[in-house]
Every structure is written in C-alpha cells, then in structure tokens.
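Here the structure comes first, spelled out in structure tokens, and everything after it is commentary.
Please read all numbers here as calculations on a predicted model, not as lab measurements.
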Amino acid sequence: MSEKSSGNNVSVRFVEIADDLDGQRIDNFLRTELKGVPKSLIYRILRKGELRVNKKRVKPEYRLQGGDLVRIPPIRVAERSEAPKPSDGLQKTLEGAILYEDKDIIVVNKPSGLAVHGGSGVSLGLIEAFRQIRPECKFLELVHRLDRDTSGCIMIAKKRSALKFMHEALQRSRITKIYNALVDGSWPERKRRIDAPLRKNELRSGERVVRVQADGKQSLTEYKVLQRFGKQATLVEARPITGRTHQIRVHCQFAGHPIIGDDKYGVDEVNRYMKTVGFRRLFLHAAELRIPLPAGGRMVIKAPLEKQLVSAMNALDAQ
C-alpha cells in the first residue's frame, strides 16, 4: 500500500490498495484506516461522495481491488495512544497455547478469562496481544470469536486471502466446531438436537442477554453425552450447526441443563456448590476444529482441557 500526503492529519490522502486487501469492503477498510473516527462520520463521507475510488463515488458495500486508488478527504483522526503491551507471562502463555501454525493461519488454545479483542473496558485482548508478539506479521485478524470465559480453539488469519477463504468455508459449513460442556443434571441420551430460535435482548441495565423466542433467528445445536457424573452433572459434546451469540449456553439452559459456571444463564446455587469442587469458571471449551486449509487439504486440530478442569472432574467423579 503506498500513500501520498503532506504528513498532516487533516490533508487529503491518496492510498493505493495492495493486493492482499483485494475483496475487502470499503467501509471496513476505512474503519481500520481511520481509527478513532466515528462510524457515523465514515458513512457520511461515503454517502456524500467525499471519498472516491479511482475518482468515482462508491457505496459502503463496494469491494476494493488491488491497485485501486482511494481518495480520503481531510479528517482529523484522534491521536492513537500507545497500545498496552502483554505481560511476559501472557506472552509465554499464548506462545505455548499455539496448536497449529502455517503461513496462512494460527490456531490457539485460548485461555478462559481472556477476551478475543479489546473494547468495552478491556484494553488488551487475544488479537492485540498477538499483534505485539508477532510484529513481523503485518496482517493478523480473528477468523471467528469465542466468549471471554470460553476456552479452546480459535483461528487467526495471517493474510487477508486466508481470512476470506476461512469466512467462505464458514458460510458453506465446511468448518466443524466441536465443544465440550459440563452441564447441570443428567442430560437425556435421547436429546441429540436442540432446534430453538434465538434472539438478543437488552435489559434495563443495558446488559445483553440471548433468549429462545419464536421471532428469533433459527438456531440448531447437536449434542452427544460423553461422560456422566451420577445425577449431578453430564459432560456433553456440542456441535453448533448455526453460529448465534451464546448459542450453546442458551440451548443448554433451554434444555433444563445449564452449563456449570455460567453466571449469565446458569443456576447460582449450583455454581456456588461446583466452585467448592473446583469448577471456578464457565465449563465451555472449544475442543476441536475440523477445517480446510487455504494451501489445500484438511486438518483436525484438538485443544486439551486445562488441568484445573480435569482435576475438578476427577474430584466430582470420586464423589
């Protein structure tokens, strides 16, 4: 990407699009290029035609092509504060959590408690940490997301072409995600599918929750029993066929077997007891990914459970 400008924050800029940005929407490109500028302003300059691509007006959904010349009008960009740096301990943990890496992607066994990206009071997430750990990688983007308290397999693209490839694979259901969850009570062997529409709701407090509602989006999860702990709990395998927010957690709650340690959709009394056994976090783990690779072939990647969860299951099994 080449750039011509006077060096002033508020001058007209011309940016030539590099080949690795081919296919990116212009609005998404601008949100990255103009950090600190409100989204409303970005869409306003697009709507008014102040931004031009190859001297022509474009719509927000326009997809860039390598070699495009983008004219960015004078906009004062907020000064970027220096990004927080991951601690030595976090760097070591994340380097040790890499399950697979090639020239296109990194697959990481994300620790529970680490957000995938900064924002909403979180200054440093997984992706920001990796950008600092790997400064030689000019492009690093999340392929998909995991809740902060969920552990396990998460993919990071090292090239825009790899990100596009993986997004298309997700849309075509060529990627299989397999989770392990410890749920309250005895999950019925016959309950192998939950097909229940989900809708996001906002409470008066501003907190967002997801609920099963008839007017929600179609949502399907497949389940299989892996291990029983008497009538107290069941370790299940969950395969989300659709990819809704909090899908597995809400479907487990809807089935009458909420996930152990779930402070949003679980049972407080059960969670308090399970803490005494050793379950101090949400027991939802992205255990396995089955993915096509941009370079060809397919790969099965498994993420082991953290030792604390294994110890707590052994303690529960011994009761």
Side-chain angles (χ1 to χ4, degrees), residues 1 3-5 8-18 20-66 68-84 115-132 138-148 154-157 159-160 163-164 166-168 170-171 198-210 216-217 243-246:
M1 185 187 300
E3 188 176 301
K4 307 168 193 172
S5 81
N8 190 314
N9 236 6
V10 291
S11 64
V12 171
R13 288 196 297 140
F14 291 89
V15 180
E16 186 177 334
I17 300 303
D20 66 346
L21 293 180
D22 194 280
Q24 186 179 28
R25 280 177 52 134
I26 184 68
D27 54 350
N28 291 334
F29 166 76
L30 290 172
R31 286 169 67 175
T32 301
E33 187 72 14
L34 301 174
K35 289 273 194 228
V37 173
K39 278 197 298 183
S40 57
L41 180 54
I42 288 172
Y43 286 102
R44 192 185 312 152
I45 66 170
L46 281 165
R47 191 173 61 250
K48 290 187 173 182
E50 294 175 33
L51 180 131
R52 301 291 176 110
V53 178
N54 303 327
K55 300 182 179 180
K56 296 177 182 177
R57 297 173 70 139
V58 293
K59 294 183 176 180
E61 58 270 24
Y62 173 80
R63 293 192 179 273
L64 293 164
Q65 299 176 39
D68 277 352
L69 190 63
V70 179
R71 176 196 183 276
I72 301 176
I75 297 174
R76 186 172 292 281
V77 180
E79 291 297 322
R80 298 189 193 186
S81 56
E82 191 174 338
V116 292
H117 59 78
S120 302
V122 177
S123 59
L124 184 75
L126 177 83
I127 191 64
E128 290 86 6
F130 262 97
R131 285 170 183 158
Q132 298 218 32
K138 301 304 179 188
F139 181 93
L140 286 177
E141 292 287 350
L142 293 165
V143 173
H144 57 117
R145 299 183 180 189
L146 289 178
D147 291 344
R148 180 174 183 169
I154 188 162
M155 290 184 283
I156 298 171
K159 297 178 181 177
R160 181 158 297 283
L163 182 67
K164 186 178 178 183
M166 286 300 182
H167 280 172
E168 287 177 354
L170 282 165
Q171 288 166 4
L198 299 178
R199 179 174 174 173
K200 290 181 186 175
N201 296 273
E202 191 165 316
L203 303 179
R204 286 183 183 177
S205 62
E207 180 188 8
R208 285 196 163 186
V209 294
V210 178
K217 292 182 178 179
R244 312 298 179 205
T245 301
H246 295 176

- Item | Gap between atom CG of D68 and atom OH of Y62 - 0.5 Å precision | 3.5 Å
- Nearest non-hydrogen partners of R71 and E50, listed with the distance: NH1-O, 2.9 Å
- Task: Would you give the length of the straight line joining atom CG of L30 to atom CZ of R25, rounded to the nearest 0.5 angstrom?
- Result: 11.0 Å
- Message: Donor-acceptor check, side chain of N54 to backbone of L69, threshold 3.5 angstrom: yes or no?
- Response: yes
- Task: Answer yes or no: is there a donor N or O on one side and an acceptor on the other, between the side chain of H167 and the main chain of V143, under 3.5 Å?
- Result: yes
- Query: Considering residues, nucleotides and ligands other than R145, do more than 12 of their heavy atoms fall under 6.0 Å from its CZ?
  - Reply: no
- Query: Sub-3.5 Å donor-acceptor pair from the side chain of H246 to the main-chain atoms of V209, do we have one?
  - Reply: no
- Heavy-atom distance under 4.5 Å between the side chains of Q24 and L163, does that happen here? no
- Find the distance between NE2 (H117) and CZ (F130) and round it off to the nearest 0.5 Å. 16.0 Å
- Task: Could you walk me through whether R13 and L34 pass side chain to side chain contact (heavy atoms under 4.5 Å, CB included), step by step?
- Result: CA-CA 11 Å; R13 288 196 297 140; L34 301 174; 3.6 Å; yes
- Task: Apply the test side chain to side chain contact (heavy atoms under 4.5 Å, CB included) to residues I156 and L142: give CA-CA distance (whole Å), side-chain angles for both, the deciding distance (0.1 Å), then the verdict.
- Result: CA-CA 5 Å; I156 298 171; L142 293 165; 4.3 Å; yes
- Item | Side chains of R131 and E141 in contact at under 4.5 Å (non-hydrogen atoms) | yes
- Message: L51 vs I26, test: side chain to side chain contact (heavy atoms under 4.5 Å, CB included). Steps then yes/no.
- Response: CA-CA 10 Å; L51 180 131; I26 184 68; 4.0 Å; yes
- Here the pair of heavy atoms bringing V116 nearest to L146 is CG1-O, 3.5 Å
- Task: Taking all non-hydrogen atoms of both residues into account, name the closest pair between F139 and R160 and its distance.
- Result: CE1-NH2, 3.2 Å
- Message: Within the structure provided, determine whether H144 and I154 are in side-chain contact (heavy-atom separation under 4.5 Å).
- Response: yes
- Query: Are the side chain of R57 and the backbone N or O of R47 linked by a donor-acceptor pair below 3.5 Å?
  - Reply: yes
- Message: R244 vs V210, test: side chain to side chain contact (heavy atoms under 4.5 Å, CB included). Steps then yes/no.
- Response: CA-CA 9 Å; R244 312 298 179 205; V210 178; over 6 Å; no
- Message: How long is the straight-line distance from CD1 of I45 back to CD1 of I75, given to the nearest 0.5 Å?
- Response: 3.5 Å
- Do V53 and I17 come close enough that some side-chain heavy atom pair is under 4.5 Å? no
